[in-house]
Participant: 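Take a look at this one; I'll ask things after.
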Amino acid sequence: KKKIKQLEDDLLFRLSNSQGNLLDDTELIDVLAVTKQTAQDVSDKLANASETNKKINEACEEYRPVAHRATLIYFLIAEFSVVNCMYQTSLAQFNELYELSIDRSEKANMPSKRIANIIDYMTYEIYLYIQVRILGCADAAGQHN
C-alpha cells in the first residue's frame, strides 16, 4: 500500500506539473502504466491474503473442540489447589502437556479424526500425569487413604 501511495503521489505531481498535451508526456504515461500494474499486483495479493486468512480462520474454528477440552481440563486441575496447595499445576506445565499431546497423538488425514485423536490422547495423558505427579505425590506423603 505504501508503494501505491508513493506511485499515486508521483503521478499526481507529474499531472499537476505537466505542460502541454498529456499524451505527449512519455514519463507521465510510463508512471501511469507502472501505477496501474502495481495497483493490480497489490489487489491480487490482497485477494490472495484474504483467501488465506479465511482458510486459517476455518482451520482455527475446526480445532476449537481441542482448545475447549484443554481449557476444561486445565481449570479442573486448577481447582485441585482448593483441596490442598500441594496440588497446584502451573499453566506452563499444562501447556507442555498440551503441546506434547498435539505432537504425540496419532496423525490422521481427516481433520475430524485428527481432532478426536488429539482430544483422546490429551485427556488420557493428562489423567495419567495427574494420577502420577499430583495424586501420586499425595499418596507418598500420606495425604490420601
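Just so it is clear, the structure is predicted and the values come from calculations on it, not from any experiment.
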Participant: Verify the cluster assignment for Ile73 and Phe75: are they in a single hydrophobic cluster under the rule of side-chain heavy atoms below 4.5 Å apart?
Facilitator: yes

Participant: Can you hop from Val66 to Met110 via hydrophobic side chains spaced under 4.5 Å?
Facilitator: no

Participant: Scan residues 60-76 for pairs that pass salt bridge (charged side-chain N to carboxylate O under 4.0 Å, His left out), counting only residues two or more places apart or in two chains.
Facilitator: Glu61-Arg64

Participant: Any side-chain to backbone donor/acceptor pair from Ser43 onto Ala39? Under 3.5 Å, distance only.
Facilitator: no

Participant: Side chains of Asp10 and Gln6 only: does a donor on one sit below 3.5 Å from an acceptor on the other?
Facilitator: no

Participant: Is Leu100 reachable from Leu91 through a run of I, L, V, M, F, W or Y residues, each pair having side-chain heavy atoms under 4.5 Å apart?
Facilitator: no

Participant: CD of Glu125 to CD1 of Ile118: how many Å apart, nearest 0.5 Å?
Facilitator: 13.5 Å

Participant: What pair of heavy atoms forms the shortest contact from Met122 to Ser101, and how long is it?
Facilitator: CA-OG, 3.3 Å

Participant: Verify, without hydrogens or angle tests, whether Ser16 (side chain) and Phe13 (backbone) share a donor-acceptor contact under 3.5 angstrom.
Facilitator: yes

Participant: Would you give the length of the straight line joining atom CG of Asn53 to atom CG of Asn48, rounded to the nearest 0.5 angstrom?
Facilitator: 11.0 Å

Participant: I'd like to check the ring-ring contact (aromatic ring centres under 6.0 Å, His included) partners of Phe94; sequence neighbours left out, ordered by chain and number.
Facilitator: Tyr74

Participant: If you measure from CD on Glu51 to CD1 on Ile56, what distance do you get to the nearest 0.5 Å?
Facilitator: 11.0 Å

Participant: Using every non-hydrogen atom in the two residues, find where Thr89 and Gln93 come nearest and quote the distance to one decimal.
Facilitator: CA-OE1, 3.4 Å

Participant: Between Val42 and Lys45, is there a side-chain heavy-atom distance shorter than 4.5 Å?
Facilitator: no

Participant: Near Lys55 NZ, under 6.0 Å, is it more than 12 heavy atoms from other residues, nucleotides or ligands?
Facilitator: no

Participant: Can a salt bridge be assigned to the pair Lys5 and Asp9 using a cut-off of 4.0 Å between side-chain N and carboxylate O?
Facilitator: yes

Participant: Answer whether the closest heavy-atom distance between the side chains of Phe80 and Gln88 falls below 4.5 Å.
Facilitator: no

Participant: Please confirm whether the backbone N or O of Leu46 pairs with a side-chain atom of Ser50, one donor and one acceptor, at under 3.5 Å?
Facilitator: no

Participant: Linking I/L/V/M/F/W/Y whenever any side-chain heavy atoms sit under 4.5 Å apart, do Ile130 and Val83 land together?
Facilitator: yes

Participant: Please report the closest heavy-atom contact between Ala108 and Arg114, naming both atoms and the distance.
Facilitator: CB-N, 3.7 Å

Participant: Can you tell me if Asn117 uses its side chain to pair, donor with acceptor, with the backbone of Glu106 under 3.5 Å?
Facilitator: yes

Participant: At what distance, to the nearest 0.5 angstrom, does OG1 of Thr35 lie from CD of Gln37?
Facilitator: 10.5 Å

Participant: Glu79 side chain to Leu76 main-chain N or O, any donor-acceptor pair under 3.5 Å?
Facilitator: no

Participant: Would a hydrophobic clustering, with Ile, Leu, Val, Met, Phe, Trp and Tyr connected at side-chain separations under 4.5 Å, put Tyr121 with Tyr98?
Facilitator: no

Participant: I'd like to know if the side chain of Ser81 and the backbone of Ala78 have a donor-acceptor N/O pair within less than 3.5 Å.
Facilitator: yes

Participant: Under 4.5 Å between any side-chain heavy atoms of Asp120 and Ser105, yes or no?
Facilitator: no

